[in-house]
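Worksheet: one structure, shown below.
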Amino acid sequence: MNLWQLMLAEFKAIFADKAIMVTLFGGVLFYSVLYPLPYLNQVPTEQQVVVVDHDNSSLSRLVTRHADASAKVHILANLASIDEAETWISEGKAHGLLVIPANFRRDLLLGKGATLSYGGDASYFLIYSAVAEGLVAAGLDASKQVQLIGLLARGQNPQLAQQSVNSININSVPAFNPSLGYTPYVIPGLFLLILHQTLLIGTGILGAGQWRRPGYWQHVSPGVLVFARLSVFLLIYSVFSSFYLGYCFYWYQVSVAATIIEVGLFMLPFLLATCALGIVFSSLFARRDLSTQVYLLMSMPVLFVSGFVWPIALIPEPLVMISQIIPAVPAIMGMLELNQLGAGWLAVMPKWLQLWGLFAVFACIAIMRVAARQKQAKAMLS
């Protein structure tokens, strides 16, 4: 059996196995929709807020109108007490409250200052931050109005007074996440993790199933078998990677800074190292279902140690060092730097070389493990 015949046999083994087909094709397509789905409405707006106005003055009503005019907040009702507002929040009728103290207008006009109190349900961080942002902006706008009234009352030129109140204008332009949403932040790293996990599961199911019964894999050299399996899975996952890093990034409006050639060059050792690791692990499994169970349990730890959802500085250093042998860890951070943050190729070169090193190590181990499995199969037949 030559190399092309062996690759064809590998393709047939993959496409004839329902478990592998569901994992590879079904899983990749399913997760491309499932994971981003909860975050499609990723920028919270018009969050329901109640107001407790103890001052009931023209200025307190101005603050309420400014808050309601914010895109982040919708003033739902004006309540009589904080206890009533807390009841509304606990029952889910509102997400936040604004408390305007008594003598609010008088204290501001006298220059004593006043404190606006904000509160809300912090169970959902994005909702809470939207409420806080909208109410703080409303309070600042009202403060500027009071300052402007005071300057005009002292006879200052209206144009100079306006410039004095608005002396600094902040023009905030997001560099790498234009929508400031969750989807463009989490999707790039998460999609690479999905490719990593499904590739490991696919190679695990294929290998663990073959080692138990005689077949073509026994009649070729271990090196040729490993090379053919790497080639076959590389071809399949080149299509999956193009779908994730191409169409899905475009569909979910993820910023892309790298060229196609740079992305392809970086993905090559990542896919090869992952596939080689999958062949190594497949030789350790006695049952086909174990690969799915083990890799699913590993997915969350790998997600956190990769460093894009949890700061590396807060993870124990020994754990960070051990995690560097997992291809997904350098691949995720390197691809984020290259494709989302616009880093140059020299900046990600260490991670790229690390992936090639992992591939070389895992490929050698895979050849040895396949040779051991072939010897075990021959011993059982004899």
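All residue numbers in this chain count up from 1 along the given sequence. The model shown is predicted, which means the values in this text are computed figures rather than measured ones.
Under the 3.5 Å distance criterion, the side-chain polar atoms of Thr274 are left unmatched by any main-chain donor or acceptor of Leu271. In this structure, the side chain of Asn339 does not engage the main chain of Val256 through any donor-acceptor pair within 3.5 Å. The main-chain N or O of Ser283 is found under 3.5 Å from a side-chain atom of Arg373 such that the two form a donor-acceptor pair.
Residues forming a salt bridge (charged side-chain N to carboxylate O under 4.0 Å, His left out) with Asp53 (at least two apart in sequence, or on another chain): none. Residues meeting the side chain to side chain contact (heavy atoms under 4.5 Å, CB included) test with Val22, sequence neighbours left out: none. Residues that satisfy the salt bridge (charged side-chain N to carboxylate O under 4.0 Å, His left out) test with Lys93, not counting sequence neighbours, are Glu91. Residues satisfying the side chain to side chain contact (heavy atoms under 4.5 Å, CB included) test with Val73, not counting sequence neighbours, are Val49, Ile75, Leu135. Qualifying side chain to side chain contact (heavy atoms under 4.5 Å, CB included) partners for Ser242, counting only residues two or more places apart in sequence or in other chains: none. Judged as a ring pair (Phe, Tyr, Trp, His ring centres under 6.0 Å), and not counting sequence neighbours, the contacts of Trp345 are Trp352. Leu29 pairs by the side chain to side chain contact (heavy atoms under 4.5 Å, CB included) definition with Phe243, not counting sequence neighbours. In terms of the ring pair (Phe, Tyr, Trp, His ring centres under 6.0 Å) criterion, residue partners of Tyr237 (sequence neighbours excluded) are, by chain and number, Phe240.
There is no side-chain donor-acceptor pair under 3.5 Å between Ser81 and Asp83. No side-chain N or O of Tyr216 forms a donor-acceptor pair with one of Gln5 less than 3.5 Å apart.
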*Criterion ring-ring contact (aromatic ring centres under 6.0 Å, His included) on Phe25 and Phe15, from CA distance to verdict*: CA-CA 10 Å; Phe25 293 89; Phe15 285 94; 5.7 Å; yes

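Classification of the Phe270-His196 ring pair by plane angle, with boundaries at 30° and 60°, yields parallel. Ring-plane geometry between Tyr295 and Phe285 is classed as perpendicular, the angle between the planes exceeding 60 degrees on a 0 to 90 degree scale with a lower cut at 30.
Cluster annotation: Ile201 and Met21 are assigned to the same hydrophobic cluster (Ile/Leu/Val/Met/Phe/Trp/Tyr, side-chain heavy-atom contacts under 4.5 Å, transitive).
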Expected list for residues 316-324: side-chain donor-acceptor pairs under 3.5 angstrom, two or more places apart:
residue, atom, partner, partner atom, Å
Ser323, OG, Leu319, O, 3.4
Ser323, OG, Val320, O, 2.6
Gln324, OE1, Gln354, NE2, 3.2
Gln324, NE2, Val320, O, 3.4

Pairs under 3.5 angstrom only: tabulate donor-acceptor contacts from the side chains of residues 259-268 to other protein residues two or more places apart or in another chain.
residue, atom, partner, partner atom, Å
Thr259, OG1, Glu262, N, 3.2
Glu262, OE1, Thr259, N, 3.1

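Annotation: salt bridge (charged side-chain N to carboxylate O under 4.0 Å, His left out) contacts involving residues 185-202, sequence neighbours excluded, are absent.
In this structure, Leu97 belongs to a hydrophobic cluster whose other members, linked by side-chain heavy atoms under 4.5 Å apart, are Val50, Val52, Leu76, Leu79, Ile82, Trp88, Ile89, Val99.
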